[in-house]
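What follows is a single structure, written as structure tokens, with notes after it.
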Amino acid sequence: MIALDTPLQFLKGVGPRRAADLQRVGLATVEDLLYRFPVRYEDRGTFQTIASLRPATAASVAGEVISCGIRPTRRPRFKIFEMLVRDPTGALRAVFFYQPFLNDVFHPHQRVILFGRLELTPHGMQMQNPQYEILKHDGDGEGASESDDETLHTGRIVPVYEKTGTLTTKMQRAIVHQALAQLPPDIPDLLPADVRARAALIDRRTALLDVHFPPAGTPVEELNGFRSAAQRRLIFEEFFLFQLGLVLRRRRSEGERKARSVVVTDDIRESARRVLPFKLTGDQKKVIAEIVEDMKRPQPMNRLLQGDVGSGKTIVALMAALVAMENGFQVAFMAPTEILAEQHFITIRRLLEASRFRIALLTGATPAKKRREMQAELAAGSIHLAVGTHALVQDPVGFRELGLVVIDEQHRFGVLQRATLRAKGLHPDVLVMTATPIPRTLALTTYGDLDVSVMREMPPGRHPIKTIAKPESRRDEIYDFIRRQIETGRQVYVIYPLVEESEKVDLKAATEMADHLAQDVFPSYRLALLHGRMKQDAKERVMGAFTRGEFDLLVSTTVVEVGVDVSNASVMLVEHAERFGLSQLHQLRGRVGRGPHQSYCILLYQYPLTDQGRARLKALTETTDGFEIAERDLELRGPGDFFGTRQSGMPTLRVGDLVRDHQLMEAARREAVNALDDAQQAATLAAFVRTSWEQRFGLVGIG
Ligand code: ADP
Ligand code: MG
């Protein structure tokens, strides 16, 4: 017998070598293995007769091997293993490419099951690279499936796993099968019995068995739609655990006390008014009021500010900073990149010029000597506001009295920082800002431990950005248009996609494009290239020069996506727009339209265009409202991918899906709050959460 925490190497059929392979892909224990769920299921349960097979469909066939062998081809390394299988209705050819070892696996008279897609070829109907299983055992190959007569890979509904490292779906299926066969009759269930009863959920053990090997007769569509009883149970379990974590974290921060909280006097109001360069929008005023209310309370603020690109979040944060500084506190203002930190620094320095407050920029690029000086000043309290990257709150920076931490454009980062701060015994107010709009219902359940403020209004005087989608063939017109914009003094972004898998190729494409534009298309204009592989200081030089208007065009990969503010830039040209996600395009578009000039976002696309790609471009040309874009993105991409974007701050879930399963999430939230009210139960649950929260959800801070 094994337990869930048994290391995989003690599993029958898994030796130390295989265990090491598994470890490499993050699977150490039986629990890790069993909680890596199938990504989909295939129904290989019903055999079809060979006579009834149709081309271009997938089918399971059971039959006997008549003949088999390697067919030579003209290319020496390209070997085809071929076999003929017969059932009472006819014969079928199966071919396997690049698998000469099969010659030792199969021989005539074996009974086999094949599952695969059928093609009609000049040689008749054939199955290419089918999944196979040999029914009668005669001691050969077939990896770990040797143990019993039950078929594993065919003849049933089979789970399909994501291939990770050297672990194939077939190997994983076999090992999971082993593990389940040895699972003890009793395994601990973190869902209390009454919760399970109320939510009509099956027990954990059955759920684990069924999720990997669904009972015969389960409709495959139900499984692939994640609606089976086993899946529902496991999704609920995951959400319940997640919500326990959120509720515990929330309760914990409610128990925290700041050293002291701020007060707001008429003098402070007056000083804020002096700093303001413009009239605040209604939403900005509302949100500032919410923030200041938090700051006056004895518990530390824990607020998320959502506002579309360009909605004016910076000034909101600065107002909060001013209140803190007027109360004698220091402020840390953090941005995700050095470029952004520098931009914030420049903006804030300008706004605070006439005030008595001293501000400093502290990033990874700050020279060591300067850095030491600044650190000394922070410790002495003579620097009131420090702008920087995460280097700011990491060791060894000590503030004299840190009252407020502002974190721009990075929610997850915010959560981590809070934990870092708390570990140092600090309990400042924390304001996290994000331009990623999240539909309200989702925000409530996923940011359950944060207070959320939303700004939907845009500052006045903006000309809505004109968005145009054009096929690549219209390039020349676009270039003419860009020339005219530059002639009137504007600046232009040209964005190239950078897909991670083909980063090198894309980088080359971007670099070549920059050369081409510089030499052939815009020879009389000043052009710079910016990409993620450049050294930090080189990036900053380029970005700084572009900001100062020293370049007319900036050819860039998506590094300019977040937060960069060049108000003179009026054109955002996106190459291969069909390759970008909707939200990403929206973020890119937000880089223009930040000044008094009419701005344009031009989406150049190439054929072929998928329906989704077309719908994305259409959505973008139809609306500039980030929340609407988010809703459409959700619809288009389907729930699974919506939050897949980096730094979205969303939990990494294994089975649950925030959109598809949002009702289960809400039920899990209610039950989690409920369950924690019972003190005895709460202790057990808290212990459970503590061990799994961090790894499961990539979040910290349960304590
Ligand atoms: P984001 O929310 O994307 O961080 P920013 O804070 O960078 O937006 O603001 C975008 C631009 O709008 C800045 O140039 C800022 O000065 C300007 N802005 C912000 N609020 C107002 C306002 N109430 N009136 C006029 N301009 C504003
Ligand atoms: Mg911003």
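Source: prediction; values computed, not measured. The basis for the numbers below is simple: all heavy atoms, side chains too, and nothing from hydrogens, waters or symmetry mates. Each ligand, and each atom within it, is numbered from 1 in the order the structure gives. Along the sequence shown, residues carry numbers from 1.
- Of the listed residues (Arg356, His384, Arg269), just one forms a side chain to side chain donor-acceptor pair (under 3.5 Å) with Glu326, and that residue is Arg356.
- A ring-centre distance under 6.0 Å is found for Tyr600 and Phe481.
- Under 4.0 Å from ligand 1, the heavy atoms of Lys279 that appear belong solely to its backbone.
- Residue contact check: Thr281 has heavy atoms under 4.0 Å from atoms 23 (N) of ligand 1.
- Contact annotation: Gly310 has at least one heavy atom less than 4.0 Å from an atom of ligand 1.
- At least one heavy atom of Ser311 lies less than 4.0 angstrom from ligand 1.
- Nearest residue to atom 9 (O) of ligand 1 from Ala435, Gly626, Gly312 is Gly312 (criterion: closest heavy atom).
- Between the side chains of Glu290 and Ser453, at least one donor N or O lies within less than 3.5 Å of an accepting N or O.
- For the residues Arg594, Lys313, Gln284, Gln306, the heavy atom positioned nearest atom 7 (O) of ligand 1 is part of Arg594.
- A cation-pi arrangement is not found for Arg541 relative to Phe546, the charged atom failing to lie both closer than 6.0 Å to the ring centre and inside a 45° cone about the ring normal.
- Of the listed residues (Gln485, Arg483, Arg526), just one forms a side chain to side chain donor-acceptor pair (under 3.5 Å) with Asp552, and that residue is Arg526.
- Close contacts between ligand 1 and Pro459 involve ligand atoms 18 (N), 19 (C), 20 (N), 21 (C), 22 (C), 24 (N), 25 (C), 26 (N), 27 (C) [criterion: under 4.0 Å to a heavy atom].
- Under 4.0 angstrom from ligand 1, the non-hydrogen atoms of Asp308 all belong to its backbone.
- Taking the six-membered ring for Trp, His344 and Phe333 have ring centres closer than 6.0 Å.
- Only the backbone of Leu280 comes within contact range of ligand 1, with a heavy atom under 4.0 Å; no side-chain atom does.
- When Leu304, Leu246, Val432 are each tested for a side chain to side chain contact (heavy atoms under 4.5 Å, CB included) with Leu450, only one passes: Leu304.
- For ligand 1, the atoms lying closer than 4.0 Å to a non-hydrogen atom of Thr314 are 4 (O), 5 (P), 6 (O), 7 (O).
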